[in-house]
There are 2 protein chains.
Amino acid sequence: MSLPHALLTSLLEQPCSGMDLARRFGRSIGFFWPATHQQIYKELGKLEAAGWVRSSAEEGARGRKRCYEVLPAGEQELKRWVAETDEPPPLRDAMMVRLRAEAALGTGAGVENDLLHRLARHRTQLALYEDIEQRDFTGRELSAAEQLQYLILQSGLTTEREHIRFCEKALALMEALEPAGV
Amino acid sequence: MSLPHALLTSLLEQPCSGMDLARRFGRSIGFFWPATHQQIYKELGKLEAAGWVRSSAEEGARGRKRCYEVLPAGEQELKRWVAETDEPPPLRDAMMVRLRAEAALGTGAGVENDLLHRLARHRTQLALYEDIEQRDFTGRELSAAEQLQYLILQSGLTTEREHIRFCEKALALMEALEPAGV
DNA sequence: TCGCCCATGTAATAAGTTACATGATTAA
DNA sequence: TTAATCATGTAACTTATTACATGGGCGA
């Protein structure tokens, strides 16, 4: 479970409120560790209880904005965790199950729907990543931290392009297997 | 949640017991929809209650092998589901969080551990997929169903190769950023 | 001052993981 | 005939999702 460490990282980059974190998770760290505001608030509570972060408001101040920042103990914990290892995350992709189901049923079951839908989604996501690349990482010297962030973005770019190629290839194969449009 | 449909697919390919399914999930369908035997047994119960599969043993026959097979209603349900669409599965990759944490902490925190560990895992997985490719999909004509299965395997091959390239690139960058081995 | 939105949170549900339990089969 | 193993299952726990609730600030 990496949510606490994703939060520590994000707060280390820039101290902010839970809502700000939620928004930031929507566009940067959230690309590889998504989280909703509900999860974030609960986890921030735990981080504070553990003494890893501190916030600028008294207990039970519902509705009032509170700003979180990482404490030395939190930074220590993050360092410890970075040096650990994990297994690759298991993949769970319903579209692959659909393709195999289509094979088992004999073609004509309609995976094309999902393939087309996913194709559109991956194209959108790729365009988004390309915008970020253009805006943040192009045409100037990059610091060490920026080079690492760019590397991560490139992984996203490659992945989306691979998914697009896969959907296109699968659609072409479906076309070849059921030429008449069953 | 695609586990029920993954099970239907697998049982349609070949009726078998829960334990057999669990074993099969360990090496084929499980590559893109992992499941433990506990999950499988519980889900098989639901599938039977829904009238989608039927098994060859009376209720409460604990310990005795029972063989499941898909009923027409189950095949119908699988067809219905194949034509649906889903959003791309969200990615959650701790290693990416680690890379970003390393950037935020200033290098020297030790992501290399995870990068090396993952590199080894992805190489093993790639070798496994290459064996399957060699054994099942090379040197002969493929049926329509086999072509689809091969396509899925190719996706696995590409993904593993991409992950390997990524780890290598990241390790090279880390090397460049901290040349003295901090 | 009233309504809307922002910020923070609670509660219920669902899915998956890990640890453990029990009946049947088999081989020494 | 008993120990090991196979096959099936239960239970507790963790993580994530979805829906809903409450307090505060601000503009019309």
Side-chain angles (χ1 to χ4, degrees), chain A residues 1-7 10-11 15-26 29-50 53-68 81 86-94 97, chain B residues 1-7 10-11 15-26 29-50 53-68 81 86-94 97:
Chain A
M1 219 267 291
S2 315
L3 178 57
H5 302 95
L7 291 172
S10 199
L11 286 174
C16 66
S17 72
M19 189 50 50
D20 291 335
L21 273 174
R23 275 191 283 265
R24 208 183 299 169
F25 266 65
I29 270 216
F31 290 145
F32 45 89
W33 203 281
T36 60
H37 71 98
Q38 291 91 332
Q39 260 182 297
I40 290 172
Y41 283 122
K42 204 189 315 173
E43 201 60 44
L44 281 174
K46 291 187 198 168
L47 293 184
E48 194 163 20
V53 304
R54 140 181 99 119
S55 77
S56 66
E58 63 285 5
E59 289 282 312
R62 193 171 191 157
R64 225 150 7 172
K65 194 162 188 164
R66 44 168 56 187
C67 180
Y68 286 89
W81 176 81
D86 271 300
E87 296 310 306
L91 351 151
R92 279 208 173 77
D93 192 336
V97 179
Chain B
M1 221 270 287
S2 312
L3 179 57
H5 302 95
L7 291 172
S10 198
L11 286 174
C16 66
S17 72
M19 189 50 49
D20 291 335
L21 274 174
R23 275 192 281 265
R24 210 183 297 170
F25 266 65
I29 269 215
F31 290 144
F32 44 91
W33 204 282
T36 59
H37 71 98
Q38 291 91 331
Q39 261 182 295
I40 291 173
Y41 283 122
K42 201 186 321 170
E43 201 59 45
L44 281 173
K46 291 187 198 168
L47 293 185
E48 193 163 19
V53 303
R54 141 179 96 119
S55 77
S56 65
E58 62 285 5
E59 289 282 314
R62 194 172 191 158
R64 221 143 19 165
K65 194 161 189 168
R66 43 168 55 185
C67 179
Y68 287 89
W81 176 81
D86 272 300
E87 296 310 306
L91 320 178
R92 277 205 176 81
D93 192 336
V97 179

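Chain A is the first sequence line, chain B the second, and so forth, proteins listed ahead of strands; every chain is numbered from 1. None of the values given here were measured: they were computed from a predicted structure. FYI, side chains are in, hydrogens and waters are out, and symmetry mates aren't considered; it's all heavy atoms of this structure.
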Please give, in whole Å, the distance from [N] [atom2] to [X] [atom1]?
{"X": "B:Leu7", "N": "C:dA15", "atom1": "CG", "atom2": "P", "result": "13 Å"}
{"X": "B:Phe25", "N": "D:dA7", "atom1": "CZ", "atom2": "P", "result": "17 Å"}
{"X": "B:Ile40", "N": "C:dG16", "atom1": "CD1", "atom2": "P", "result": "11 Å"}
{"X": "A:Glu43", "N": "D:dT17", "atom1": "CD", "atom2": "P", "result": "13 Å"}
{"X": "A:Lys65", "N": "C:dG9", "atom1": "NZ", "atom2": "C1'", "result": "16 Å"}
{"X": "B:Arg66", "N": "C:dA24", "atom1": "CZ", "atom2": "P", "result": "13 Å"}
{"X": "B:Met19", "N": "D:dA7", "atom1": "CE", "atom2": "P", "result": "6 Å"}

Within the sub-3.5 Å range, which N or O atoms of nucleotides 11-16 of chain D have a protein N or O partner, and how far apart are they?
{"unit_1": "D:dA16", "atom_1": "OP2", "unit_2": "A:Gln39", "atom_2": "NE2", "d": "3.2"}

If you define the side chain from C-beta out and look only at heavy atoms, does anything of [X] sit under 4.5 Å from [Y]?
{"X": "B:Leu11", "Y": "B:Cys16", "value": "yes"}
{"X": "B:Glu43", "Y": "B:Glu48", "value": "no"}
{"X": "B:Val53", "Y": "B:Leu7", "value": "no"}
{"X": "A:Ser2", "Y": "B:Arg92", "value": "no"}

* Side chain of B:Tyr41 only, please: which of C:dT18, D:dA7, C:dT8 is the nearest? =>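 Closest nucleotide among those given: D:dA7.
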
* Asked: Can you tell which of D:dT17, C:dT8, D:dG9 lies closest to the side chain of B:His37?
  ->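 The closest nucleotide is D:dG9.
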
Could you list, one pair per line, each protein nitrogen or oxygen that sits under 3.5 Å from a nitrogen or oxygen of nucleotides 3-5 of chain D, together with the distance?
none

* Asked: Considering residues, nucleotides and ligands other than B:Arg54, do more than 12 of their heavy atoms fall under 6.0 Å from its CZ?
  ->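 For B:Arg54, atom CZ is not crowded (no more than 12 foreign heavy atoms under 6.0 Å).
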
* Asked: So, is B:Arg23 close to the D:dC6 phosphate, meaning a side-chain N or O under 4.0 Å from OP1 or OP2?
  ->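 Negative; the distance criterion is not met.
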
* Closer to the 5' end of DNA chain D via nearest nucleotide, is it B:Asp20 or B:Pro90? ->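 The residue closer to the strand's 5' end, by nearest nucleotide, is B:Asp20.
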
* With sequence neighbours left out, write down each residue that passes side chain to side chain donor-acceptor pair (under 3.5 Å) with A:Asp86, or none if nothing qualifies. =>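 Here the qualifying residues are B:Arg98.
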
* Asked: Sequence neighbours excluded, which residues qualify as side chain to side chain donor-acceptor pair (under 3.5 Å) partners of A:Arg24?
  ->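 With sequence neighbours excluded, A:Arg24 shows a side chain to side chain donor-acceptor pair (under 3.5 Å) to A:Ser10, given in chain and number order.
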
* Under the side chain to side chain contact (heavy atoms under 4.5 Å, CB included) rule, collect the residues that match up with B:Gln39, sequence neighbours excluded. =>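 By the side chain to side chain contact (heavy atoms under 4.5 Å, CB included) rule, B:Gln39 matches B:Leu3, B:Ala35, B:Thr36.
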
* Asked: How would you list, by chain and number, every residue that makes a ring pair (Phe, Tyr, Trp, His ring centres under 6.0 Å) with B:Phe31, sequence neighbours excluded?
  ->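 Counting only residues at least two positions away or on another chain, B:Phe31 forms a ring pair (Phe, Tyr, Trp, His ring centres under 6.0 Å) with B:Tyr129.
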
